[in-house]
There are 2 protein chains.
Amino acid sequence: MTTRLAVRPEPRVRTARHPARAAAPASRGDGNDQETRSRLLTVAERLFADRGFKDVTVREICRGARANVAAINYHFGDKLGLYREVLQSATDAMRATNEAARRAGHGQPPDEKLRRYILIHLQGLLASNYETLHRLIHREMNDPTPVLDAFVEQSVRPRVEYLAGIVAELTGGRPTDQRVLRCVASIHSQSIAYLPNPIAARLGFHFKPTPSQIEEAARHIAEFSLAGVRAVGSKKSEG
Amino acid sequence: MTTRLAVRPEPRVRTARHPARAAAPASRGDGNDQETRSRLLTVAERLFADRGFKDVTVREICRGARANVAAINYHFGDKLGLYREVLQSATDAMRATNEAARRAGHGQPPDEKLRRYILIHLQGLLASNYETLHRLIHREMNDPTPVLDAFVEQSVRPRVEYLAGIVAELTGGRPTDQRVLRCVASIHSQSIAYLPNPIAARLGFHFKPTPSQIEEAARHIAEFSLAGVRAVGSKKSEG
DNA sequence: ACACGAGTCAAACAAGTGTTTTATACAAAC
DNA sequence: GTTTGTATAAAACACTTGTTTGACTCGTGT
């Protein structure tokens, strides 16, 4: 029936997720059981990233996971419950990248912090298993669901605040200064440009995300941005 | 039935678009006629931008345009035909912006060409009537349809080539040089960041696209990029 | 032995979907 | 006046959608 993404009372998952006594889960001889659940997650992640929530049918996911049509409702309550769980793993993965970038820059001068931040994030962005997750986020940009709030708070905001801190160090401004925030936007947006997308493909930009190509791109963004930050940071505010 | 976007033989539009003799089209007294067609286009543009091709139903469009369900099939053959026509007008509008930017930079030194290019494109990007069209393109990035090819060739490629020419002038490189192309990506991606999007909204970035705010953002991008281009352009290629 | 519950399955369900059909109104061409 | 072709409308069509049902396994606990 209604398929629009919306908040609604969590549908009762039949019994599987809330076993009555459940010490040792019953296991069948054919090696399935919990496996079905994780197979559904794997297949759904790929399909949702490829074609979006609405364009993917539960029948398709179940066929891909060699499960019955009812499996999704049994294991996740409904289609949206499955989607939520898929997207939560994306949020977790990106939070890990954030923390890695922070550690790598610890104790370094601000320009070196920026270089390492950009490199690590670009590596994370283009790592083949994360790329799927980024496509999911890109879809959330067009059709936000309640899941996006958690992602922004846990993943994007820490990243932006850390970046603002670096830029503030570089320019001597305050992290909430308009001028600083514009620099943050300029830096962040450049990385996104290296994600594979159909327009770049049609233009003939075949960026191969090999380690050395990623390093080269990261170096470009870092030097480009450092010069940019210094240029706009040293100017008196005008107008 | 099948609703996936795909190339398929153009469905026969009943008669309206291919009148047999048709000198003066028959017109009814109630002032409708061709109006219905353009009302459908207007409503469809807004709905497609808001929620995407698949999420919008023909019944919804027709209700919004105060037309019968059969109106879309009558005037455009099918739902995809309507979508095609909506997106074609996006392509045309952007091509006009391209040409305006070219004219504005004619005879100017390269740095001034870049400043004017960025300002005009940012103005086009954020003009309220173009913003709808950009949301449509953003959706095409996730789910490309055959229409995207025409858009890239007529709208994106000329833009990128013009920008590459300016950067090449600034650095003394050739427009197809890897280093030049990376600068083009850096410049172009910064403008995109100013399009309204749900992540920026959740972060509290309330960019008001007033003329003066747009000018200020354009100035930031231009100075940031000019410094960046000069920095990476003056360096010898290494590694 | 028995009951219970986890997990799976085929089938059905209710509500949508894009599209087609049939009919009708009306202005212009003949 | 008749025909022709445009434009609209209500109803039906054929099909897909997410979800639910009820039966059926099969390990486990008692």
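Both backbone and side-chain heavy atoms feed into the values below; hydrogens, waters and symmetry mates do not. All values reported here derive from a predicted model rather than from experimental measurement. Naming convention: chains lettered A, B, ... in sequence-line order (proteins, then strands); numbering from 1 in each chain.
- Of the possible polar contacts, one joining the B/R116 side chain to the B/A104 backbone as a donor-acceptor pair under 3.5 Å is found.
- With rounding to whole Å, B/L80 atom CG is found 12 Å from C/dG18 atom C1'.
- For B/N73 and D/dC13, the CG to C1' distance is 13 Å, given to the nearest whole Å.
- The base of C/dA10 sits with one of its N or O atoms less than 3.5 Å from a complementary donor or acceptor on the side chain of A/N68.
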Each base of DNA chain C marked ( ) or [ ] if paired in-strand (Watson-Crick or G-U under 3.5 Å), | if paired to another strand and . if unpaired gives |||||||||||||.||||||||||||||||
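- Between the base of D/dG18 and the side chain of A/R59 there is a donor-acceptor pair shorter than 3.5 Å.
- Atom CZ of A/R51 is separated from atom C1' of D/dT17 by 14 Å (rounded to the nearest Å).
- Nearest-nucleotide positions on DNA chain C place A/A70 closer to the 5' end than the other of B/A70 and A/A70.
- Taking A/S225 as the reference, A/Q190 meet the side chain to side chain donor-acceptor pair (under 3.5 Å) condition, with sequence neighbours excluded.
- In this structure, B/I72 atom CD1 and D/dA7 atom P are separated by 16 Å, rounded to whole Å.
- Aromatic ring orientation, A/Y117 versus A/Y162: tilted (interplanar angle from 30° to 60°).
- In this structure a side-chain-to-backbone donor-acceptor pair under 3.5 Å is present from B/K79 to B/V56.
- Side-chain contact between B/D50 and B/R135 is present, with heavy atoms from C-beta onward closer than 4.5 Å.
- Using a 4.0 Å cut-off, some side-chain N or O of A/H75 falls inside it from OP1 or OP2 of C/dT8.
- Atom pair A/D78:CG and D/dT20:P shows a separation of 8 Å (rounding to whole Å applied).
- Checking C/dT19, D/dA10, C/dG7 against every side-chain atom of A/Y74, the shortest atom distance belongs to C/dG7.
- Under the 30°/60° scheme for interplanar angles, the aromatic rings of B/H138 and A/H138 are found to be tilted.
- Taking atom NZ of B/K79 as the reference point, atom C1' of C/dG16 lies 12 Å away to the nearest angstrom.
- We find that CD1 of A/I61 is positioned 8 Å from P of D/dG18, with the value rounded to whole Å.
- Among the atoms of the strands shown, none is found under 4.0 Å from any heavy atom of B/A71.
- The phosphate of D/dA7 (OP1 or OP2) has no side-chain N or O of B/T36 nearer than 4.0 angstrom.
- Residue B/R63 contributes atom CZ, which lies 11 Å from atom P of C/dG16 at whole-angstrom precision.
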Enumerate donor-acceptor pairs with a distance under 3.5 Å from any side-chain N or O in residues 195-204 of chain B to protein atoms, sequence neighbours excluded.
| unit_1 | atom_1 | unit_2 | atom_2 | d |
| --- | --- | --- | --- | --- |
| B/N197 | OD1 | B/I199 | N | 2.9 |
| B/N197 | OD1 | B/A200 | N | 2.9 |
| B/N197 | ND2 | B/L195 | O | 3.4 |
| B/R202 | NE | A/D149 | OD1 | 2.7 |
| B/R202 | NH1 | B/P198 | O | 3.2 |

